[in-house]
There are 2 protein chains.
Amino acid sequence: MPTIEDVARHAGLSRTTVSRVINDQPYVCDEKRQRVVGAMRDLGYVPNSSARRLRSQKTETIAILLPRITNPFFSHMIEAMEKKASEWGYQVIICQTHYSSQKELDYLELLRTKQVDGMIMTSVHNEWSAIEEYLPSGPIVLCNENIEEANTSIIYIDQQEAAYDATTHLIEQGCEKLAFLSGGMDSSIALSRRRGFMKAVQQYNVSFVEHDDFNQAVDVESGREIFQSIQQEDATIDGIFTGSDEVAAGIIYEAMNNGVSIPDDLAVVGFDNQTISKLMNPSITTVEQPVVEMAEKCVEILIQQIEQRGRHKREDYIFPHTLKKRTSTTKPMAIPM
Amino acid sequence: MPTIEDVARHAGLSRTTVSRVINDQPYVCDEKRQRVVGAMRDLGYVPNSSARRLRSQKTETIAILLPRITNPFFSHMIEAMEKKASEWGYQVIICQTHYSSQKELDYLELLRTKQVDGMIMTSVHNEWSAIEEYLPSGPIVLCNENIEEANTSIIYIDQQEAAYDATTHLIEQGCEKLAFLSGGMDSSIALSRRRGFMKAVQQYNVSFVEHDDFNQAVDVESGREIFQSIQQEDATIDGIFTGSDEVAAGIIYEAMNNGVSIPDDLAVVGFDNQTISKLMNPSITTVEQPVVEMAEKCVEILIQQIEQRGRHKREDYIFPHTLKKRTSTTKPMAIPM
DNA sequence: TTGTAGGCGTTATCAT
DNA sequence: ATGATAACGCCTACAA
């Protein structure tokens, strides 16, 4: 691998001059500039980025923390983030926590060891106080979860309102006994949604059922299991808020196979407006988030903070959500896709 | 940010000794070791990875090239790759080409500029001769596409055989007029599949239809469009090989909405055994690839090559595929999920 | 067992 | 306009 030194020698000039050419700086006459360019070509020279990083104290790289990339909500978010980052000339390192708080901390070390200039967290599995420790090492922007105590910029939708809207919709459709599902009550998102659910339930004085399993609903499989347990233990439930299109799909799949009619016997609401929610039959009523816009905004904020340096105070960016009403909650009729 | 020098001074020792402690090397007595550890703690020292990279000529980072992460086939593959890489202490940079050969080349530069130690390509949009140029800069392993001329290790399933199996299955189910769909005939995968399709069609002497649109089938939306055009132009087609569960889902969705019975009027085969293929109603017959195993093997091979250094000759790892027969091609009956 | 010193490849500062 | 030189922070012969 040729170095800048080799190029300089080959061109009969100094490293400084070569460096100037590499970085498009002035104060190099055309003739020498050509000589340098030629030498670089001859030797197949390419600047070593480790050396550049050391010298410039920048990596042009950001890390994105997320639970699992196979969750379509996150893969859509990452797709948009990577695209935007790439436009700005930044690399993206992907960090799957698999819901482990330890892995989350391990990945945060990337910030301290200066492997990345900044970080995006789409999920949070530690106390904020623990994460705050890393802020001096570089900017962190949150996207998706709304952590009350967080003293850094943050992007999210109003989960409480979204759950309230969805629950109200179930009630308006005539549901009288509801269930609230979530992926675990330790997340800020599930907590907010639960508040919204409870608000609607109390406001309309509708009854609801609780069960330990209801807070372990994470994928298609758990949706299927929960349907079975509901069938056996409390078949009078007639409306479910799932917080996930995959869970909703699992429930619907199992219901169809067991002769339970959706939405007549059981209405189901999903979350995230994933591809599957449109394709299922019946199609799934769901809450849509503007993932792409949120992702792009997030990257822009982060890169801005990186390039401005210095600490930044918290700013909240709250994006709008939309309830997509489909046939899993409403009587069948032509609804355009 | 404290440096190794600061720690050394604080502990009243030399940089060397501190370095030895950092890297768990022998020849440091316990007392001084403690002093160093204490000093690191006091100062909040953390080694700077840019400096380490420059010194060691290693980045402990690999890049994964793929078209789009939102394609579930790729997101499952990346999930497994990132997990495996992380176990080995490697970071993963994600590079979406969005099917652009230029972006592919841009990302390959990461290898030349030593931002990564190695690279995995899950799709290839340039002539192999162009990609070969990068091989001297670091190992590249292919995962998914089988490029004939490639002189590097490569992992794939037998796409031709898979398409042959799927097509034969359609024929066995009684289909008499087939169509072959793909995402574009410029990819090695589509070409292999077409060979398999043709082999079955000729062997059983079944007729088939061609159309320009048939090679633009990439997602749910295009599946829907293709169904519509088939309805209008050649409704006698009774069996379709799609090469994609999403395309298959789009076709089925549209067929159901238009009163065309699946599989009686039209049988459809997908590819990749994605979540959606089990959940659709009818469920989609599809070809399963052992994505996770392929991904893990790929990362292992790459890291091995990185750590052994030197050029490696091509080895082929061919993984087995399975045809999952479901209701989009077979008369309804109880098929366990 | 410990320390000294040189170099990894760049870029910025300061002369000339 | 060009060049010499000193960092950036770390690791490792080699010397002691």
Side-chain angles (χ1 to χ4, degrees), chain A residues 1-37 39-40 43-61 109-117 137-138 309, chain B residues 1-37 39-40 43-61 109-117 137-138 309:
Chain A
M1 278 282 95
T3 75
I4 201 172
E5 173 77 50
D6 300 324
V7 177
R9 216 182 351 250
H10 192 86
L13 293 165
S14 73
R15 284 179 297 177
T16 312
T17 307
V18 177
S19 176
R20 287 205 179 95
V21 173
I22 294 170
N23 298 291
D24 269 326
Q25 284 172 16
Y27 303 124
V28 181
C29 73
D30 254 11
E31 184 249 324
K32 314 216 165 173
R33 194 177 288 273
Q34 289 319 315
R35 254 161 64 197
V36 170
V37 171
M40 295 201 298
L43 301 176
Y45 167 80
V46 41
N48 177 311
S49 71
S50 298
R52 281 193 147 162
R53 288 183 180 209
L54 177 58
R55 185 57 234 225
S56 68
Q57 310 280 37
K58 294 174 27 179
T59 66
E60 320 245 278
T61 304
E109 286 294 320
L110 293 178
L111 206 51
R112 290 217 301 162
T113 57
K114 299 268 170 279
Q115 313 223 38
V116 299
D117 294 333
S137 307
R309 296 170 182 270
Chain B
M1 279 283 94
T3 75
I4 202 172
E5 173 77 50
D6 299 325
V7 177
R9 219 186 345 256
H10 192 87
L13 294 164
S14 74
R15 286 179 296 174
T16 312
T17 308
V18 177
S19 177
R20 288 206 180 95
V21 173
I22 293 170
N23 299 292
D24 271 326
Q25 283 171 15
Y27 304 123
V28 181
C29 72
D30 255 12
E31 184 249 325
K32 314 217 163 169
R33 194 176 288 272
Q34 288 319 315
R35 254 161 65 197
V36 170
V37 172
M40 295 200 298
L43 300 176
Y45 167 81
V46 42
N48 177 311
S49 71
S50 298
R52 282 194 147 161
R53 286 182 182 211
L54 178 56
R55 183 57 233 236
S56 67
Q57 309 280 38
K58 295 174 27 178
T59 66
E60 319 246 280
T61 305
E109 286 295 319
L110 293 178
L111 206 51
R112 290 218 300 163
T113 56
K114 298 267 170 281
Q115 312 222 40
V116 300
D117 294 332
S137 308
R309 296 171 183 271

Query raised in the report: With sequence neighbours left out, what residues match A/Glu109 under salt bridge (charged side-chain N to carboxylate O under 4.0 Å, His left out)?
Result: A/Arg112
Requested in this report: Assign B/Ser19 to base, sugar-phosphate, or nothing according to its heavy-atom contacts below 4.0 angstrom with the strands shown.
Outcome: base
Report summary line: Whichever of A/Pro47 and B/Arg15 has the more 5' nearest nucleotide on DNA chain C, that residue is B/Arg15
Protein-nucleotides 13-16 of chain C N/O pairs under 3.5 Å:
none

Report summary line: Testing D/dC11, C/dG3, D/dC8 for proximity to the side chain of B/Arg52, the answer is D/dC11
Query raised in the report: Should B/Thr3 and B/Asp6 count as side-chain neighbours, where that means a heavy-atom distance under 4.5 Å?
Result: yes
Report task. Would you please confirm or rule out a distance under 4.0 Å between OP1 or OP2 of C/dG3 and any side-chain N or O of B/Thr17? Result -> yes
Report summary line: Per atom distances to the A/Val28 side chain, the nearest of C/dG9, D/dT2, C/dT2 is D/dT2
Report task. Report yes if a side-chain nitrogen or oxygen of A/Gln57 is closer than 4.0 Å to either non-bridging phosphate oxygen (OP1 or OP2) of C/dT11; otherwise report no. Result -> no
Report task. Mind calculating the distance between OH (A/Tyr45) and P (C/dT10) to the nearest angstrom? Result -> 3 Å
Query raised in the report: Tell me: CG of A/Leu54 to P of D/dC11, nearest whole Å?
Result: 12 Å
Query raised in the report: In whole angstrom, what separates A/Arg33's CZ from D/dG3's P?
Result: 13 Å
Query raised in the report: Contact class for A/Glu31 vs. all strands (heavy atom < 4.0 Å): base, sugar-phosphate, or nothing?
Result: nothing
Query raised in the report: For the side chain of B/Asp117 and the backbone of B/Thr59, is there at least one donor-acceptor N/O pair under 3.5 Å apart?
Result: yes
Query raised in the report: Under 3.5 Å, is there an N or O donor on one side and an acceptor on the other linking the side chain of A/Arg55 and the base of D/dA7?
Result: yes
Query raised in the report: Are any side-chain N or O atoms of A/Arg15 and backbone N or O atoms of A/Ile4, one a donor and one an acceptor, separated by less than 3.5 Å?
Result: no
Requested in this report: Decide whether B/Thr17 and B/Ser14 meet the rule of one side-chain donor and one side-chain acceptor closer than 3.5 Å.
Outcome: yes
Requested in this report: Check whether any side-chain N or O of B/Ser137 sits under 3.5 Å from a backbone N or O of B/Leu111 as a donor-acceptor pair, and report yes or no.
Outcome: no
Query raised in the report: So, A/Asn23 versus A/Arg52: side-chain donor-acceptor pair below 3.5 Å or not?
Result: yes
Query - Phosphate contact (D/dC11 OP1 or OP2) by B/Asn23 side-chain N/O below 4.0 Å - result: yes
Query raised in the report: How close or far is atom C1' of D/dC11 from atom CZ of B/Arg53, stated in whole angstroms?
Result: 16 Å
Query - Between C/dT10 (C1') and A/Glu60 (CD): distance, integer Å - result: 14 Å
Query raised in the report: Does a side-chain N or O from B/Lys32 land closer than 4.0 Å to OP1 or OP2 of C/dT2, or not?
Result: yes
Report task. Take atom CD1 of A/Ile22 and atom P of C/dA12, then tell me their distance rounded to the nearest Å. Result -> 11 Å
Query raised in the report: Can you tell me how far P of D/dT2 sits from CD of A/Gln25, to the nearest Å?
Result: 13 Å
Query raised in the report: Is any side-chain heavy atom of A/Met1 closer than 4.5 Å to a side-chain heavy atom of B/Lys114?
Result: yes
**Report entry** Nucleotide D/dG3, atom P - distance to CD of A/Glu5 in whole Å
**Finding:** 12 Å
Query raised in the report: With respect to the phosphate group of D/dA13, does any side-chain polar atom (N or O) of B/Tyr27 fall under 4.0 Å of OP1 or OP2?
Result: no
**Report entry** Short side-chain N/O contact from B/Thr3 to OP1 or OP2 of D/dG9, under 4.0 Å
**Finding:** no
